Amino acid sequence: MRKLPFDKAWIGATAAKWPTPFHVYDAEAIRENARRLKKAFKWNDGFREYFAVKATPNPHILKLLAESGFGADCSSMAELVLAEKTGITGESIMFTSNDTPAEEFAKAYALGATINLDDITHWDFLVETLGGKTPELMCCRYNPGPLKGGNSIIGKPEEAKYGFTREQLFECYAKMKAAGVRRFGIHTMVASNELDPDYIVDTAKMLFALVGELHEKLGIDFEFANIGGGIGIPYRPDQKAMDLEYVGEGIRRAYAEMVAGRGLKPLKLYMECGRCITGPCGYLVAKVRHIKSTYRLYAGLDACMSNLMRPALYGAYHEIVVPGKENSGETSVYDVTGSLCENNDKFAIQRLLPVLERGDYVVICDAGAHGHAMGFQYNGKLRSAELLLEKGGKVREIRRAETLDDYFATLDFSSL
Ligand SMILES: *Cc1c(COP(=O)(O)O)cnc(C)c1O
């Protein structure tokens, strides 16, 4: 069973101040993930991770990661403003959007962010938006289509709405160069929750080859290659975490041959992982509200899919720990549910767990990325607080729980 950075007594004491459900993030574990990623790519001068803000869009998490040397990968106006308010600006922001509105391009440009185009038509749209100005540094997102196999969450690249075709890349970089762009990067994102390290190494190889070809054809020296995010985490007990050292070493060898060996200018390697940085460090803590026995046995929690959508949305597996009952033996099979009026509002289906009782605390693991962030208010369910657990067990509230006033804030009852 998963080892938690807190126990039942800690939950009890914390819940006295912040009633369940709440999300809690282990700050030191996040810092350790950041250190490990940087170490795996230490060989690359200028290596940088731009944390995918959408995974855990909380300024306190972004600040912690900025202190670890990370930038921010933003894809919307709210995420750009969040980065700005956290003090992350300039080229510490990668702006990787799609179907982008003009005001977001304008905001990204005003912040000095590195703009990563999703489509060839966006180049003219961007220049028009900026009143004829051209950024000094530009990046394009490559979609290899049938040239690269897909993976189960992101699907096949040729069916993905993102990015340029190969031909479009050559055309757009030539156009940008002619228009006065001086600095160039290239980007791709072809994985999601991928646990095969060779897939990530192959992605880097694909970009290194392209950088070589674009250099030959267009005389462009690339400054960086961004291989995107998508490194998976072991949600299931039988899965293994990605061997980042293996990935770092594999990409180092490819770099030596395909970049340095070809006489290309030094290339900075960028990544924009979200999940593997914060995912395993976040927990949704809830309490058993009711036990129901009909055709199945149900454990109804005080949390629901508005706190964590992944199981309902993708049938995703999240480990569940019952603090205080770690040694009680897993002898009962439950559907672990929330209270939303949707039958897919289940955190686990037919899961073997210790015998549960009303009032038991239940910890849903690996909820630190794409967890609280995906929350919604359907059925009038409110989003929970987010807490940060610091070394020594100190807790800090980094987002308060929503209230009914928040829920009603956009309605005008006076005009009834
Ligand atoms: C979602 C996303 C990421 C982060 O993905 P993870 O699976 O959390 O690593 C990175 N880049 C882009 C463009 C994304 O859309």
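As the structure lists them, so they are numbered: ligands from 1, and atoms in each ligand from 1. All of these numbers come straight from a predicted model, not from anything done at the bench.
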Show the distances, to 0.1 Å, for all pairs joining an N/O atom of ligand 1 and a protein N/O atom that are shorter than 3.5 Å, listing one pair per line.
| unit_1 | atom_1 | unit_2 | atom_2 | d |
| --- | --- | --- | --- | --- |
| ligand 1 | 8 (O) | Gly274 | N | 3.4 |
| ligand 1 | 8 (O) | Arg275 | N | 2.8 |
| ligand 1 | 8 (O) | His370 | NE2 | 2.7 |
| ligand 1 | 9 (O) | Gly230 | N | 2.8 |
| ligand 1 | 9 (O) | Gly274 | N | 2.9 |
| ligand 1 | 11 (N) | Asp73 | OD2 | 3.3 |
| ligand 1 | 11 (N) | Glu272 | OE2 | 2.7 |
| ligand 1 | 15 (O) | Lys54 | NZ | 2.7 |

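- Panel note: side chain Thr86, backbone Ile88; no donor-acceptor pair is recorded below 3.5 Å.
- For Tyr378, the OH atom counts as loosely surrounded, since its 6.0 Å shell holds 12 or fewer non-hydrogen atoms of other residues, nucleotides or ligands.
- Evaluation of the side-chain hydrogen bond (donor to acceptor under 3.5 Å, both in side chains) test over residues 1-25, restricted to residues two or more places apart or in two chains, returns Arg2-Glu319, Arg2-Asp366, Trp18-Glu397, Thr20-Asp302, Tyr25-Glu386.
- Residue pairs that meet the side-chain hydrogen bond (donor to acceptor under 3.5 Å, both in side chains) test with at least one member in residues 69-84, sequence neighbours left out, are Asp73-Thr96, Ser75-Glu79, Glu84-Lys107.
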Please table the atom pairs, donor to acceptor, closer than 3.5 Å between any side-chain atom in residues 218-234 and protein atoms at least two apart or in another chain.
| unit_1 | atom_1 | unit_2 | atom_2 | d |
| --- | --- | --- | --- | --- |
| Asp221 | OD1 | His215 | ND1 | 3.2 |
| Asp221 | OD2 | Lys265 | NZ | 3.2 |
| Glu223 | OE1 | Arg183 | NE | 2.7 |
| Glu223 | OE2 | Arg183 | NH2 | 2.8 |
| Asn226 | OD1 | Gly228 | N | 2.8 |
| Asn226 | ND2 | Glu272 | OE1 | 3.3 |

Just do the salt bridge (charged side-chain N to carboxylate O under 4.0 Å, His left out) check on Arg400 and Asp406 with the steps written out, would you? CA-CA 11 Å; Arg400 68 162 172 80; Asp406 295 321; 2.7 Å; yes

